[in-house]
Amino acid sequence: MLAPAQWERLARLEHRRWMADRIDRGWRFGETRDARNRRHPSLVPWEALGETERSKDLEVVRVLLNLAST
């Protein structure tokens with residue numbers, strides 16, 4: 001099992017990956033999510049994310065590692 005610091009590092013990397021994907025598709029930061037104008041409030045550095053958003057990245061990591069181990 002991974003140590004808490006390792007989980008966080010992987011979640012940070014997942015957030016960077018997610019941001020790069022959105023930015024490549026033309027998304028930019030916006031105070032509120034607006035799919036039509038491609039704006040998203042989570043297009044910020046990890047340190048600026050709230051706990052709810054960080055949890056989403058951590059869950060993606062958990063799912064991917066679970067799939068990789070099966």
Side-chain angles (χ1 to χ4, degrees):
M1 202 56 165
L2 297 175
Q6 292 170 309
W7 283 109
E8 182 177 328
R9 172 125 173 89
L10 291 173
R12 284 173 177 262
L13 290 170
E14 167 54 22
H15 183 66
R16 276 197 228 156
R17 185 213 57 79
W18 175 86
M19 283 182 45
D21 178 64
R22 293 303 181 277
I23 291 168
D24 284 350
R25 294 197 224 173
W27 285 75
R28 299 290 175 253
F29 172 80
E31 291 293 328
T32 58
R33 191 177 193 285
D34 179 353
R36 182 174 182 205
N37 292 307
R38 295 182 182 173
R39 301 289 183 256
H40 202 293
S42 294
L43 283 169
V44 295
W46 174 265
E47 294 76 18
L49 286 177
E51 198 57 42
T52 300
E53 296 304 311
R54 287 182 180 193
S55 294
K56 290 177 185 178
D57 292 316
L58 185 55
E59 184 60 24
V60 170
V61 169
R62 284 186 174 131
V63 168
L64 290 173
L65 288 177
N66 188 39
L67 287 171
S69 67
T70 58

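Here the structure is a predicted model, which is why all the values come from computation and not from measurement.
Looking at heavy atoms from C-beta onward, Arg12 lies in side-chain contact with Glu47 at the 4.5 angstrom threshold. Considering only heavy atoms from C-beta on, Met19 stays 4.5 Å or farther from Phe29 through its side chain.
Shortest non-hydrogen contact noted between Asn66 and Ser69 is O-OG, 3.0 Å. The two residues Glu31 and Pro41 make their nearest non-hydrogen contact at O-CB, 3.6 Å. For the residue pair Ala3 and Gln6, the shortest heavy atom distance occurs at N-OE1, 2.7 Å. Nearest heavy-atom pair across Asp57 and Trp46 is OD2-CZ3, 3.7 Å.
In this structure, Arg17 places its CZ atom where more than 12 heavy-atom neighbours from other residues, nucleotides or ligands lie under 6.0 Å away.
For the pair Arg62 and Trp7, the cation sits on the ring face: its NZ or CZ lies under 6.0 Å from the ring centre, inside 45° of the axis.
Remark: Leu65 CG to Thr70 OG1 distance equals 11.0 Å, nearest 0.5 Å. Atoms CG and CZ, from Asp21 and Arg16 in turn, are 15.5 Å apart once rounded to the nearest 0.5 Å.
When the options His15, Glu53, Arg22 are evaluated for a side chain to side chain donor-acceptor pair (under 3.5 Å) with Ser42, the one that passes is Glu53.
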| request: Begin from the C-alpha positions of His40 and Asp34 and carry the test side chain to side chain contact (heavy atoms under 4.5 Å, CB included) through to its verdict. | output: CA-CA 6 Å; His40 202 293; Asp34 179 353; over 6 Å; no
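In terms of hydrophobic clustering, with Ile, Leu, Val, Met, Phe, Trp and Tyr side chains grouped at heavy-atom distances under 4.5 Å, Leu2 and Val61 are assigned to a common cluster. One hydrophobic cluster, built from ILVMFWY side chains closer than 4.5 Å, holds both Leu58 and Leu10.
Using a cut-off of 4.0 Å between Lys/Arg side-chain N and Asp/Glu carboxylate O, Lys56 and Glu59 are scored as not salt-bridged.
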